[in-house]
Amino acid sequence: AMEPTARMKQQPFAYREWILEAEPGATSNAYRTVESPTVRCSCDWCKNFVAWRRSGYPTEVAEMLQRCGLDPFRESDVYQQALHPDEDSVLYRWFFFFRGRVLSGPQAWVPTGNHPDPVLAVAYWDLHLVEITGPPVRLAVGFCDSPSRIKAEGQNVPTALRTGPTVQVEFRAYVPWTIGEIMPERL
């Protein structure tokens with residue numbers, strides 16, 4: 001976890017197994033000019049995610065995001081990761097960033113070291129999320145305030161949050177295919 005700063009304007013709060021500290025004013029200001037990539041994209045993958053997102057977040061998740069200063073409809077990035085045709089669903093991952101710290105609880109991203117290739121020394125990370133809803137959606141969440149992880153996300157981090165204590169909120173869910181178009185057979 002990062003060192004405390006004098007700028008924190010909110011008391012810590014508990015969410016599931018985490019104690020988080022957030023500065024919602026700084027976060028909402030940082031997102032003023034950020035729009036979800038789904039706003040600029042008209043592909044069926046994004047349309048399906050947006051259709052789910054309208055009512056997909058449990059109340060506790062929407063409240064946690066708002067407490068961090070985040071708009072649940074303005075994720076920093078979203079992408080489809082796998083198809084589950086047997087369940088007629090798509091595995092999506094998406095994330096947000098907020099000004100704050102993880103005071104206690106598991107880190108979502110844990111570095112595993114570098115790739116052995118001397119030409120392309122890439123840092124690898126293991127992802128650890130906590131499932132908060134059961135099947136079929138299996139929505140999972142995690143938090144990470146590692147400066148190296150925030151730096152690794154680069155252009156996805158709102159400019160005003162690229163320095164100072166920042167937390168990545170990572171989500172994963174098996175989103176049902178609900179739009180009228182037929183679900184693609186491959187990514």
Side-chain angles (χ1 to χ4, degrees), residues 1-2 5-13 15-16 18 20-81 90-103 105 107-109 123 125 127 129-130 132 137 139-173 175 178-179 187:
M2 303 184 81
T5 69
R7 295 184 323 202
M8 291 295 169
K9 294 180 173 66
Q10 173 132 345
Q11 292 298 314
F13 68 95
Y15 178 74
R16 298 247 170 188
W18 295 276
L20 303 170
E21 187 172 58
E23 191 175 335
T27 300
S28 60
N29 283 340
Y31 271 86
R32 274 187 312 181
T33 60
V34 174
E35 59 182 20
S36 166
T38 61
V39 171
R40 298 181 304 274
C41 185
S42 61
C43 77
D44 288 346
W45 305 110
C46 285
K47 286 180 193 174
N48 190 66
F49 180 79
V50 167
W52 171 83
R53 185 184 62 189
R54 281 188 207 114
S55 60
Y57 285 117
T59 301
E60 72 169 79
V61 173
E63 289 173 354
M64 175 273 296
L65 290 172
Q66 290 168 353
R67 195 158 184 185
C68 295
L70 292 163
D71 177 341
F73 304 110
R74 293 181 111 179
E75 59 279 318
S76 294
D77 201 10
V78 59
Y79 55 95
Q80 68 279 6
Q81 193 168 20
V90 180
L91 175 62
Y92 287 92
R93 284 188 39 217
W94 68 100
F95 46 87
F96 301 85
F97 298 92
F98 68 87
R99 171 67 69 225
R101 298 181 301 139
V102 177
L103 299 179
Q107 290 283 322
W109 290 99
W125 301 80
L127 180 59
L129 301 179
V130 173
I132 56 176
V137 174
L139 177 66
V141 65
F143 302 88
C144 182
D145 63 357
S146 161
S148 57
R149 181 68 204 170
I150 302 304
K151 185 178 180 185
E153 287 297 341
Q155 79 282 359
N156 293 318
V157 182
T159 305
L161 299 178
R162 290 181 186 168
T163 58
T166 300
V167 177
Q168 179 176 357
V169 186
E170 178 88 24
F171 286 98
R172 178 209 71 212
V175 173
T178 58
I179 61 173
L187 295 176

Engineer: Can you tell me which residue among Asp77, Leu70, Asp71 is in a side-chain contact (heavy atoms from CB on, under 4.5 Å) with Phe96?
Structural biologist: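 Exactly one candidate clears the test, Leu70.
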Engineer: For Ala26, which residues count as a side chain to side chain contact (heavy atoms under 4.5 Å, CB included) partner, sequence neighbours excluded?
Structural biologist: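 Residues passing side chain to side chain contact (heavy atoms under 4.5 Å, CB included) with Ala26: Glu23, Arg99.
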Engineer: Can you list everything that forms a salt bridge (charged side-chain N to carboxylate O under 4.0 Å, His left out) with Arg172? Sequence neighbours excluded, please.
Structural biologist: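 For Arg172, the residues satisfying salt bridge (charged side-chain N to carboxylate O under 4.0 Å, His left out) (neighbours in sequence not counted) are Glu131.
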Engineer: Is there a side-chain contact between Val34 and Arg74, using heavy atoms and a 4.5 Å cut-off?
Structural biologist: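 They are not in side-chain contact.
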Engineer: Just wondering, do Tyr92 and Trp45 contact through their side chains at under 4.5 Å, heavy atoms?
Structural biologist: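 The answer is yes, as the side chains (C-beta and beyond) meet within the 4.5 Å cut-off.
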Engineer: Is there a donor-acceptor contact under 3.5 Å from the side chain of Arg101 to the main chain of Asp145?
Structural biologist: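 Checked: no pair found.
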Engineer: What residues form a side chain to side chain contact (heavy atoms under 4.5 Å, CB included) with Leu127, not counting sequence neighbours?
Structural biologist: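 With sequence neighbours excluded, Leu127 shows a side chain to side chain contact (heavy atoms under 4.5 Å, CB included) to Arg93, Ala108, Trp109, Leu129, Glu170, given in chain and number order.
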Engineer: Report the residues that fulfil side chain to side chain donor-acceptor pair (under 3.5 Å) with Trp94, sequence neighbours left out, ordered by chain and then residue number.
Structural biologist: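 Scan of Trp94 (side chain to side chain donor-acceptor pair (under 3.5 Å), adjacent residues dropped) gives Tyr57.
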Engineer: Rounded to the nearest 0.5 Å, what separation is found between the CD atom of Gln66 and the OG atom of Ser28?
Structural biologist: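 If I round to the nearest 0.5 Å, the distance is 11.5 Å.
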Engineer: Which pair of non-hydrogen atoms, one from Asn48 and one from Thr178, has the smallest distance, and what is that distance?
Structural biologist: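 Answer, listing the atom of Asn48 first, then Thr178: OD1-N, 2.8 Å.
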Engineer: Quick one, Gln80 with Leu187, criterion side-chain contact (heavy atoms from CB on, under 4.5 Å). Give me CA distance, side-chain angles, the key distance, then yes/no.
Structural biologist: CA-CA 8 Å; Gln80 68 279 6; Leu187 295 176; 3.5 Å; yes
Engineer: Mind checking what makes side chain to side chain donor-acceptor pair (under 3.5 Å) contact with Glu153, not counting sequence neighbours?
Structural biologist: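 Here the qualifying residues are Arg149, Asn156.
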Engineer: Applying side chain to side chain contact (heavy atoms under 4.5 Å, CB included), can you list everything that pairs with Phe13, at least two apart in sequence or on another chain?
Structural biologist: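 If we apply the side chain to side chain contact (heavy atoms under 4.5 Å, CB included) test to Phe13, skipping adjacent residues, the hits are Gln10, Tyr15, Leu20, Ala22, Met64, Arg67, Cys68.
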Engineer: Would a 4.5 Å heavy-atom cut-off, applied to side chains only, mark Leu161 and Tyr31 as touching?
Structural biologist: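 A side-chain contact under 4.5 Å exists here.
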Engineer: Please, which pairs that meet salt bridge (charged side-chain N to carboxylate O under 4.0 Å, His left out) have at least one residue in residues 34-46, sequence neighbours excluded?
Structural biologist: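 Every pair satisfying salt bridge (charged side-chain N to carboxylate O under 4.0 Å, His left out) with a residue in residues 34-46: Glu35-Arg40, Asp44-Lys47.
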Engineer: Measure the spacing between CD1 of Ile179 and CZ of Phe49 and express it to the nearest 0.5 Å.
Structural biologist: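 These two atoms lie 13.0 Å from each other.
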Engineer: List for me each residue that meets side chain to side chain contact (heavy atoms under 4.5 Å, CB included) alongside Pro58, sequence neighbours excluded, and say none if there are none.
Structural biologist: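 Here the qualifying residues are Glu60, Val61, Thr133, Leu139.
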Engineer: Test Val141 against Trp18 for side-chain contact (heavy atoms from CB on, under 4.5 Å), laying out the working first.
Structural biologist: CA-CA 11 Å; Val141 65; Trp18 295 276; 4.2 Å; yes
Engineer: Among all residues two or more places apart in sequence or in another chain, which pass the side chain to side chain donor-acceptor pair (under 3.5 Å) test with Ser36?
Structural biologist: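 Testing Ser36 for side chain to side chain donor-acceptor pair (under 3.5 Å), a comparison that skips the adjacent residues, returns Thr38, Glu75.
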Engineer: Are any of the side-chain heavy atoms of Pro24 and Phe98 separated by less than 4.5 Å?
Structural biologist: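 No; the side chains remain at least 4.5 Å from each other.
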Engineer: Write down the atom of Pro37, the atom of Val78, and the distance for their closest heavy-atom approach.
Structural biologist: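 Nearest heavy atoms, Pro37 then Val78: CG-N, 4.1 Å.
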Engineer: Using ring-ring contact (aromatic ring centres under 6.0 Å, His included) as the criterion, list what pairs up with Phe95, not counting sequence neighbours.
Structural biologist: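 By the ring-ring contact (aromatic ring centres under 6.0 Å, His included) rule, Phe95 matches Phe97.
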